[in-house]
Amino acid sequence: MEYRFSEQQKMIRSQVRDFLKKECPRTLVKETIQNKLDYSHELYHKMSNLGWLGIMIPEEYGGVGGDWIDSAIFYEELGRALAPVPHYSSVVIGGQLIGAFGSDTQKEELLPQIASGKIVLAFALAEPQNGSELELLTTRANANKEGYILNGTKLFVNYAHIADYIITVAQLADSNKVGLFLVKRQEPGLSCTPLDTLSGERLCEITLEGVKVSQEHLLPKLDDNEKLGEAILRTKVLRCAEMVGIIQTALDMTIDYSKQRIEYDHPIGSFQALQHKMVDMAIATEGMRWLVYYAAWLNSQAIRANKETMMLQLEAWQICDWLCTQAVHINGAISLSRDHDLSMYWMRAKSIQLNLDPIGFVEQGIVQEIGI
Amino acid sequence: MNFSFTEEQQRMRDEISHVVTEAKARARASGTSSSDFTSQLYAELGQHGWLGMFVPQEYGGLGREPLDYGIFIETLHYVGAPEIVRTWADINSTVIAALVTFGSPETKQKFLPGMCKGEIKSSLCWSEPDGGSDGHVHTTRAIEEGEHFVVNGVKLWNESHRCTHTIAFVKTDPKAPRGQAHSALMIDLASPGVSMNPYWMIWGLRRDETVFENVKVPKENLVGQKKKGWDYWYGRGGCQCIEWPMLANVGLLQRDFERFIERIKEFICEGKQLTRNATTRRILADLSLDLQVARLLYYRAWSSKAENGLPDLSLAGMSKIFTTELWQKLYTGMINILGQYGQLEGRLAGSKHPIATLGIPTNYKFSPALAIGGMPTEIERNIIASLKLGLPE
């Protein structure tokens, strides 16, 4: 038993941190959000040169391997810098789903391109009325001679409007299972409407009207809805790792500010009322951090981590708003102005939280997992 | 990074479970009185060496890591050792930490082997009627006379009546500046002049007011250096590095929660299963998450190592705050879910309503205690604010 980071893990963290400090200043983040740029291509390209788009992609497919713990460290740092890149959508979800359910040909063709940043993938799951419940999805795939015809509507798809492929989940018409389809964004019948969101990040609504997908673009190894559910659930640990990096930074900014800001002749950080708030924020952050690494470790050991990943998400639901608004409270009115960095951190954390599994879903999931 | 127990650690957990279960069964079969049974069990823990887990071998210990002690104490609580045995073991660890870290070779030799065997059971004489956490104001005096200290004063909230010794925080140098007036002293509770008055606590156990009237204590019982009492208790490397994570022990909470879940699965209330109630489910999800966090913070603290070889005080403090406050949330949550059944306790109620044998009302009553003991959580927050967050005084 060893609840701490190894020297090598610390090294990974400092490499990523140093890189992002240099290549991803907050001005870049702000520029990307305010100019409604989708992501920083330059930053993504530099990350690909360092091999970071190949994490958890096997070396034989152009990746750099690495495990869930290394990736969680990487994601914590991405969160710290608010790095505006489509890494999660393309490398994590795309890479994991193709790795788990793709054919050898699909892996050989797509994984190296994901790892080099040549292509970007999006993932379309949720639907109006049905959320992300696999059993309820109404987007359908009807087989014909050449392959499949897809019809339906998808919501909240990150980076769909700039993706090369949108991995789309659809009900297979002749069974009670879902299939995963690699849909080209340019395919006739597919339309994509970006929706503005509170963080400035754009999520898309997609409609599929008679979209043709060839047989080669079905991921053939998916034969069980539950496996897909677990694969998606596993990736949430990295989203939560990103949130840990974000809230840690919000806390660090708050601590720094409270040491400098003078009121009533004293730095406000010397007031006990504020100290206790900041200590509680630190405890919450530390707690969530270890929930992240515990779930990541279970993933690395190939141990089922459904309960732990849902607990982690429930923690995100429980602490994110409180922690960020306390940070704002201590930083004062200035932190609510558009130019202040803190609000960017708050909104990014909030947008990650809202895109996790719904709070009611994870609560019920945990209760079932503990045997009720 | 590794979140699983090693084979050796797992073997120890199994052994502890075996020892406690066997001892309870033997006590039931032979009708051994509860005080005989608890003493026997405690001695048995000593025979296995667990009480002296991180004590160097030359003083009768196993010379292992504090983390192993954390595993021992968590397991002891999880497998349902009686409260008296748990409390001895808990307090034992704090006193041992003080002796191991600060004691002279002579003091170590005098007390540690007996503590490791479970023969010496020590209480903590810390709080006083007019001074709790602020040790500066403690008035119990220890005046040097020849080869002895002569001790006079009153200490509260200890378990001295069940112990052979106590470690007391005493004023040796009243004129010394703040922080240097006190020292730590091991006192044999059988010494003439020691008396105890009980406080019966609402959860059914006794705490003592221990009174010292001209008690002669040999000078060799001084723990570490004179005037250093404050550093030993409050200092960054003081024995709170062990006391706090020990108090953050999640074992009993985990045990009670698991047993609660088992019992309420079939519990019918207002015509349907209690577990189908949405509010009940929400509370259970929330509590199981917090238990997981508490467990992670607990082992995170024990896995850390400060310069003195003990756990990092800030991490220990985070764990202590979170878990001792969880006590209140957990037992309040469980007792509220049970509603009217939540008030039932004792053998009579248990014979008709098995839910009443879980001891939830008892631990509900106890639940605020640990957030007060070993320093109130507000003071722990002050310490973390300064130590870990670097906030100004």
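From a predicted model like this one, the values you see are computed outputs, not experimental measurements. Labels below follow one simple rule: chain letters A, B, ... track the order of the sequence lines, proteins then strands, and each chain is numbered from 1.
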Item to check | Rounded distance (nearest 0.5 Å) linking atom CE of B:M1 with atom CG of A:D67 | outcome: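 The CE atom of B:M1 sits 9.5 Å away from the CG atom of A:D67.
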
Next on the checklist: Nearest 0.5 angstrom please: B:L391 CG to A:M278 CE, how far?
Outcome noted: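 Reported to 0.5 Å precision, the distance equals 4.5 Å.
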
Please state whether the side chain, the backbone, both or neither of [X] comes within less than 4.5 Å of a heavy atom of chain A.
{"X": "B:E378", "answer": "both"}
{"X": "B:E393", "answer": "backbone"}
{"X": "B:F257", "answer": "side chain"}
{"X": "B:L297", "answer": "side chain"}

Next on the checklist: Quick check for you: among A:I366, A:I359, A:I372, which has the greatest number of heavy-atom pairs under 4.5 Å with chain B?
Outcome noted: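 Highest number of pairs under 4.5 Å: A:I372.
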
Checklist entry - In terms of heavy-atom pairs under 4.5 Å, which option from A:S6, A:G371, A:G365 contacts chain B the most? => result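 When all of A:S6, A:G371, A:G365 are compared, A:G371 has the most.
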
Checklist entry - Heavy atoms under 4.5 Å from chain B: which residues of residues 287-296 of chain A carry them? => result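 Near chain B, by residue number: A:G287, A:W290, A:L291, A:Y293, A:Y294.
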
Heavy-atom neighbours of [X] [atom1] exceed 12 at 6.0 Å:
{"X": "A:F5", "atom1": "CZ", "result": "yes"}
{"X": "A:F361", "atom1": "CZ", "result": "no"}
{"X": "B:R259", "atom1": "CZ", "result": "yes"}

Next on the checklist: Does anything in residues 285-296 of chain B form a side-chain hydrogen bond (donor to acceptor under 3.5 Å, both in side chains)? List the pairs, not counting sequence neighbours.
Outcome noted: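 Counting only pairs at least two positions apart or across chains, the side-chain hydrogen bond (donor to acceptor under 3.5 Å, both in side chains) contacts touching residues 285-296 of chain B are A:Q318-B:D286, B:E74-B:R295, B:D286-B:K329, B:D290-B:K329.
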
Checklist entry - Hey, does the side chain of A:Q275 reach the backbone of B:I383 with a donor-acceptor pair shorter than 3.5 angstrom? => result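 Checked: no pair found.
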
Checklist entry - Looking at B:L389, B:T275, B:T6, B:I321, which has the largest count of heavy-atom pairs under 4.5 Å with chain A? => result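 The answer is B:L389.
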
Checklist entry - B:E262, B:E380, B:R300: which one forms the most heavy-atom pairs within less than 4.5 Å of chain A? => result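 Result: the option with the highest number of such pairs is B:R300.
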
Item to check | Heavy-atom pair with the smallest gap, counting every atom of A:R4 and B:S303 | outcome: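 Scanning both residues completely, I find the closest heavy atoms to be NH1-O, 2.7 Å.
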
Checklist entry - Of the backbone (N, CA, C, O) and the side chain (C-beta and beyond), which part of A:Q9 lies under 4.5 Å from a heavy atom of chain B, both, or neither? => result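 The answer is the side chain of A:Q9.
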
Item to check | Proximal component of A:Q272, with respect to chain B [non-hydrogen, under 4.5 Å] | outcome: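 Just the side chain, heavy atoms under 4.5 Å.
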
